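First up is the structure itself, then whatever we jot down about it.
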Amino acid sequence: MSERRACRALGQHRSTQRKAPATRDDEAALTADIIALATEYGRYGYRRITAMLRRAGWVVNSKRVERIWRREGLKVPTKQPKRRRLWLNDGSCIRLRPERPNHVWSYDFMADRTHDGRAFRMLCIIDEFTRESLAIRVSRKLKAPDVIEALADLFILRGVPEHIRSDNGPEFVAQALRDWIAAVGAKTAYIEPGSPWENGYCESSNGKLRDELLNGEIFYTLKEARIVIKNWRRHYNAVRPHSALGYRPPAPEALIWHASPAAHGAARRARSAMVQTGRLN
């Protein structure tokens, strides 16, 4: 029987008889790593998982990861809904776009509850250009003096930004805070009332904090909340790939090697020996 007739009888395409499908040797290991990352970071999509795989040493493109992702039935997070057009006021993202680090900072409050039902607040401060989370202060109550204290600590460590963007909450429009910000040389940029999309960078960061941490955690004490949120902020800055930064973290940690005195002595002796033998001028 001819190949053409046999394929027609079996309902197979003739190309299936030309080349046997080959599975890569690393398919099982790659699948296991994808499932492990998807399990650990349940709100990440396959593109962000691809960036993390490449950082771990895998040479893989996003199409292969997507194929494995769909084959394993992994869930891709839903896309963000479209937002309205920005207003053209002095504090909007159109008039004031971040152009360099320490150009525009933004801050906002978030709220959550511990297991006993008591509320606590979070003051989230970010650098809009680098997307780095500069601080997340957690307390039962946060008022204008607490905002000043948090900003003062950051100004000492990082310098004074040119602009600070926020909404019109009572803590941010307090006269004491406005006078203090003007005294240190920064400028306030308030968004239009009822227009949270004009503070889009901070709102996006807060949404990730809510989606990736707060919605899946139960805090029994305020101290536990502070520790867990601090660890998440460190991961957000140093590990988590950001799509706006080409799937790189905003502030990756760098390791600096410090040699011991014995190692320095051995290096000096090796250098002296090379000079004596003429191998080093």
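This one's a predicted model, so the numbers in the text were calculated from it and none came from an experiment.
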Next item on the list: Show your reasoning for whether side-chain contact (heavy atoms from CB on, under 4.5 Å) applies to Ile126 and Leu134.
Entry: CA-CA 5 Å; Ile126 69 166; Leu134 304 177; 5.5 Å; no
Next item on the list: Would you sort out whether Ile136 and Trp232 count as a side-chain contact (heavy atoms from CB on, under 4.5 Å), showing the intermediate values?
Entry: CA-CA 10 Å; Ile136 302 178; Trp232 181 88; 4.2 Å; yes
Next item on the list: Verify side-chain contact (heavy atoms from CB on, under 4.5 Å) between Ser205 and Tyr236, making sure each step is shown before the conclusion.
Entry: CA-CA 10 Å; Ser205 177; Tyr236 180 86; 3.6 Å; yes
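Of all heavy-atom pairs between Pro250 and Thr130, the closest is CB-O, 3.0 Å. Between Cys202 and Ser106, the shortest heavy-atom contact is CB-OG, 3.4 Å. When every heavy atom of Tyr107 is checked against every heavy atom of Asn199, the shortest pair comes out as O-ND2, 3.8 Å. In terms of heavy atoms, Asp108 sits closest to Phe172 at CA-CZ, 4.0 Å. Closest non-hydrogen pair, Pro249 versus His242, comes out as CA-CD2, 4.3 Å. Nearest heavy-atom pair across Arg14 and Glu3 is NE-OE2, 3.8 Å.
Partners of Arg71 under the salt bridge (Lys or Arg N to Asp or Glu O under 4.0 Å) rule, at least two apart in sequence or in another chain, are Glu27. Glu40 meets the side-chain hydrogen bond (donor to acceptor under 3.5 Å, both in side chains) test with no other residue; sequence neighbours excluded. Under the salt bridge (Lys or Arg N to Asp or Glu O under 4.0 Å) criterion, Arg158 pairs with Glu132, sequence neighbours left out. Every residue was checked against the side-chain hydrogen bond (donor to acceptor under 3.5 Å, both in side chains) condition with Arg55, not counting sequence neighbours, and none meets it. In this view, His13 and Ser15 satisfy the side-chain hydrogen bond (donor to acceptor under 3.5 Å, both in side chains) rule, not counting sequence neighbours. Glu162 is linked by a salt bridge (Lys or Arg N to Asp or Glu O under 4.0 Å) to Arg100, counting only residues two or more places apart in sequence or in another chain. Arg137 is linked by a side-chain hydrogen bond (donor to acceptor under 3.5 Å, both in side chains) to Asp153, counting only residues two or more places apart in sequence or in another chain.
Taking Ile, Leu, Val, Met, Phe, Trp and Tyr as members and joining any whose side-chain heavy atoms lie under 4.5 Å apart, directly or through other members, Tyr247 forms no hydrophobic cluster with any other residue. Residue Ile227 belongs to no hydrophobic cluster, having no ILVMFWY side-chain heavy atom closer than 4.5 Å to its own.
Follow the hydrophobic side-chain contacts under 4.5 Å out from Ile49 and you never reach Leu245; the two are in separate clusters. In the hydrophobic clustering of ILVMFWY residues, with side-chain heavy atoms under 4.5 Å counting as a link, Met52 and Leu213 come out apart. The hydrophobic clustering, which links ILVMFWY residues whose side-chain heavy atoms are closer than 4.5 Å, places Val65 and Ile35 apart. Residues Val160 and Leu154 share a hydrophobic cluster, clusters being chains of Ile/Leu/Val/Met/Phe/Trp/Tyr side chains in contact below 4.5 Å.
Phe155 and Trp105 have tilted rings, their planes meeting at an angle from 30° to 60° on a 0 to 90° scale.
Comment: Arg47 does not engage Glu66 in a salt bridge, judged by the lack of any side-chain N to carboxylate O separation of less than 4.0 angstrom.
Annotation: the span from Thr188 atom OG1 to Arg165 atom CZ amounts to 11.5 Å, rounded to 0.5 Å. Between Leu74 atom CG and Thr39 atom OG1 the span is 7.5 Å, to the nearest 0.5 Å. Expressed to the nearest 0.5 Å, how far NE2 of His103 lies from CD of Glu99 amounts to 5.0 Å. We find the CZ-CD1 distance between Arg233 and Ile125 to be 9.5 Å, quoted to the nearest 0.5 Å. In this structure, CG on Leu37 lies 5.5 Å from CG on Leu53, to the nearest 0.5 angstrom.
The backbone N or O of Pro161 lies less than 3.5 Å from no partner atom in the side chain of Asn102, so there is not a single donor-acceptor pair.
Aromatic rings of Phe129 and Tyr201 (six-membered ring for Trp) have centroids beyond the 6.0 Å cut-off, not under it.
For the pair Arg48 and Tyr44, the cation sits on the ring face: its NZ or CZ lies under 6.0 Å from the ring centre, inside 45° of the axis.
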Show me the donor-acceptor pairs, under 3.5 Å and distance only, between side chains in residues 173-182 and residues at least two apart or in other chains.
| from | atom 1 | to | atom 2 | distance (Å) |
| --- | --- | --- | --- | --- |
| Gln175 | NE2 | Asp179 | OD1 | 2.8 |

Table please: side-chain donor-acceptor pairs of residues 215-222 below 3.5 Å, with sequence neighbours left out.
| from | atom 1 | to | atom 2 | distance (Å) |
| --- | --- | --- | --- | --- |
| Asn215 | ND2 | Arg210 | O | 3.3 |
| Thr221 | OG1 | Glu224 | N | 3.1 |

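Applying the side-chain hydrogen bond (donor to acceptor under 3.5 Å, both in side chains) definition to pairs two or more places apart or across chains, those involving residues 109-126 are Thr114-Asp116, Thr114-Arg140, Arg121-Glu171.
More than 12 non-hydrogen atoms from other residues, nucleotides or ligands lie less than 6.0 angstrom from CZ of Arg64.
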